[in-house]
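Report on the structure given below.
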Amino acid sequence: FHCAEGALVRQVPGGFLVEREGRTLRILWPDARGKAEYLQGSESPIAGWVSRRFDKREPTITLAWRARLSAPALLRTEITVGFPAVGNNL
């Protein structure tokens, strides 16, 4: 998931909260064994960048979840829009 510049991102159990301009969403990763990644201006792997013009890039946030799985596998990522703001009690 690529987050907009200026987004406030915080890790919570099972995923992340993303807040920007008073709007909040919660991303919960699958219940399979995997690795959540918060990438900002990363060179390896290349992620967490935005480019608005040729040859210029600015760091932003990319959230990723990676796992090695065997078939069959069912994965579900839950996105909740309007989750309580980061400053509120969770």
Side-chain angles (χ1 to χ4, degrees):
F1 294 92
H2 301 281
C3 301
E5 299 99 317
L8 176 61
V9 179
R10 186 173 96 184
Q11 192 165 13
V12 295
F16 291 90
L17 282 182
V18 181
E19 183 177 15
R20 183 167 184 261
E21 297 179 356
R23 294 187 173 108
T24 305
L25 61 89
R26 180 180 65 178
I27 301 170
L28 295 180
W29 303 118
D31 278 341
R33 277 186 270 172
K35 179 183 176 189
E37 296 180 288
Y38 171 107
L39 302 160
Q40 185 173 24
S42 174
E43 296 288 336
S44 181
I46 296 175
W49 297 98
V50 64
S51 179
R52 300 278 181 225
R53 60 181 185 254
F54 179 75
D55 203 31
K56 298 290 181 191
R57 64 181 179 186
E58 298 293 327
T60 190
I61 299 167
T62 299
L63 303 175
W65 183 87
R66 302 173 197 275
R68 288 195 177 267
L69 304 169
S70 299
L74 174 65
L75 302 174
R76 182 180 82 178
T77 299
E78 182 180 319
I79 301 172
T80 306
V81 179
F83 200 77
V86 171
N88 295 347
N89 294 329
L90 303 177

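L8 contributes atom CG, which lies 8.5 Å from atom OG1 of T24 (distance to the nearest 0.5 angstrom). To the nearest 0.5 Å, the span separating CZ on R66 from CH2 on W29 amounts to 10.0 Å. Atom CZ of F1 sits about 9.0 Å away from atom CG of L25, to the nearest 0.5 Å.
Nearest approach of P30 to L75, heavy atoms of both residues: CB-CD2, 3.8 Å. Of all the heavy atoms in L39 and A47, the pair that sits closest is CD1-CB, 3.6 Å. Residues A7 and V18 share a closest heavy-atom pair of CB-CG1, 4.1 Å. Here the closest non-hydrogen pair linking R53 and S51 is O-OG, 3.0 Å. Nearest heavy atom pair, residue A67 against residue G34, reads CB-CA, 3.8 Å.
In the displayed structure, R20 atom CZ is contacted under 6.0 Å by more than 12 heavy atoms of other residues, nucleotides or ligands.
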Inset, instruction - Begin from the C-alpha positions of L28 and T77 and carry the test side chain to side chain contact (heavy atoms under 4.5 Å, CB included) through to its verdict. - result: CA-CA 6 Å; L28 295 180; T77 299; over 6 Å; no

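With respect to the salt-bridge test (charged N to carboxylate O, under 4.0 angstrom), the residues R26 and E78 qualify.
Using a 4.5 Å cut-off on side-chain heavy atoms (C-beta onward), L63 and C3 make contact. I27 is not listed as a side-chain neighbour of L17, based on a closest heavy-atom distance of 4.5 Å or more.
The one candidate from E5, H2, Q40 that meets the side chain to side chain contact (heavy atoms under 4.5 Å, CB included) condition with T60 is E5.
The aromatic ring centres of W65 and F16 sit 6.0 Å or more apart.
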